[in-house]
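In what follows, a single structure is set out as structure tokens and then discussed.
Numbers restart at 1 for each chain; the letters A, B, ... are given by sequence-line order, proteins then strands.
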Protein chains: 2
Amino acid sequence: MSTDLMNRDELLSALDQEMRKVSAQSVLFSQAVAEQLGINSTDLECLDIINFSSPITAGRLADLTGLTTGAITGVIDRLEKVGYVRRERDPNDRRRVIIQPLPEAAQKISPLFDSMAQAMSKLYSSYSDQEIALILDFATRSNSIVLEEIAKLQGKEEAEAGEN
Amino acid sequence: MSTDLMNRDELLSALDQEMRKVSAQSVLFSQAVAEQLGINSTDLECLDIINFSSPITAGRLADLTGLTTGAITGVIDRLEKVGYVRRERDPNDRRRVIIQPLPEAAQKISPLFDSMAQAMSKLYSSYSDQEIALILDFATRSNSIVLEEIAKLQGKEEAEAGEN
DNA sequence: GTAAATACTTGAGATACTAAGATAATTAGA
DNA sequence: TCTAATTATCTTAGTATCTCAAGTATTTAC
């Protein structure tokens, strides 16, 4: 159904549904990328962070992902084994492990996003600056709502635990 | 930075980043909801499908989720144990198991979405029908791109397997 | 110079998945 | 109408990844 035939309620519930799809599908996309790279989704998420915030320590990666340091040791072991990262000792604090992304990782990952980037770029070109700004504003405001609601849910948990 | 101070490139990369956040955060939101319900994310996803497409069989649920039937047996076992669903034999084909959602599930789930629904509804109220239609159109087009790109990645996999 | 704190690794146990085979019910063919 | 093949789910064994707690090495603070 074309959007100009929809009344407001229909528009809103359609938008709800599409936003839900956005997240479901990007999970699927990540899984497909991970599979192409021969790693699991957790390791890909970590690899993304490592590439984006390099240099990064194992402990910082644990903080950012919410995984335990024990789990992170496993992540780095696996990523190192397939040659995507390298462990390096921090010379200033030799307890620390700095995770260095290797060029091999970026070289294998980039092309997997090329086609997507092109298609999205084409989509963007059909919108004016003002329209992009509107969409960006909507996304930003949605995100801050969701962030707040996550906090409320997690707060509820602690509150109930505290009651006991 | 306010959007009217951004040039097009800045707008586009900000939008990219926000759309990424949309999906990351809705995963976190789901996890928080699941935790409140005392179940895991997979089981919550299944419970959603069960509620939405009731009555549904175990096999159909396996198809929709991409899990094996063995895994679905475990999902139903766990959901049944906490009283969110009930197994029922299909009288017309007694091999089939129909999964019935129990009122307990909806009663526990609904309130967890109330606050979010209210906040989103307030956000929506600040947009005109035309603006909502624009955002919906963008989301829909993005989704069809992502869907296509997932198919391409998965096709690549098969193609490479076929080469050998 | 020693005690406490920090950063990571290790190992045991828990959970949830897949793959393959078992069981039970239905369908199709001679 | 038997019988074989198919279908739907469950069971079991094996695997992967997580948490938690303890262990090791290094740094910090007194």
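Rounded to whole angstrom, the span from the CG atom of B:D77 across to the P atom of D:dT9 amounts to 13 Å. Counting to the nearest Å, the P atom of C:dA7 and the CG atom of A:L67 are 17 Å from each other. Rounding to whole angstrom units, CD of residue A:E80 and P of C:dC8 are separated by 14 Å. Taking atom CZ on A:R60 and atom C1' on C:dT6, their separation rounds to 16 Å, with Å as the unit. Per the geometry, CD belonging to B:E35 stands 13 Å off C1' belonging to D:dT19, to the nearest Å. Whole-Å rounding puts the A:I72 CD1 to D:dC20 C1' distance at 15 Å. Atom pair B:I39:CD1 and C:dA16:P shows a separation of 11 Å (rounding to whole Å applied). One atom, NZ of B:K81, and another, C1' of C:dA16, lie 13 Å apart when rounded to the nearest Å.
Counting any heavy atom pair closer than 4.0 Å across all strands shown, A:A58 reaches sugar-phosphate atoms only and no base atom. A:G70 comes within 4.0 angstrom of a base, heavy atoms only.
Residues B:S115 and A:E149 have side chains that bring a donor and an acceptor to within less than 3.5 angstrom of each other. With no hydrogens or angles considered, no side-chain donor-acceptor pair links B:R60 and B:S53 at under 3.5 Å. Under the 3.5 Å distance criterion, with hydrogens and angles disregarded, a donor-acceptor pair is assigned to the side chains of A:S23 and B:S26.
Here the shortest heavy-atom pairing between A:Q36 and A:L112 reads CB-CD1, 3.8 Å.
In this structure, A:Q17 places its CD atom where only 12 or fewer heavy-atom neighbours from other residues, nucleotides or ligands lie under 6.0 Å away.
Taking for each of B:T69 and A:R78 the nucleotide of DNA chain D with the nearest heavy atom, the 5'-most of the two is the partner of B:T69. Mapped onto DNA chain D by nearest heavy atom, A:T68 and A:R89 fall at different nucleotides, with A:T68 at the one closer to the 5' end.
The aromatic rings of B:F138 and A:Y124 lie parallel to each other, their planes meeting at an angle below 30°, with 60° marking the opposite boundary.
The side chain of B:N40 approaches C:dA16 more closely than any other nucleotide in the set D:dC20, D:dT11, C:dA16.
Here B:L67 contributes atom CG and B:T73 contributes atom OG1; the two are 11.0 Å apart, rounded to the nearest 0.5 Å.
Heavy-atom distances under 4.0 Å link DNA chain C to A:R95, A:R96, A:V97 of residues 90-99 of chain A, given in residue order.
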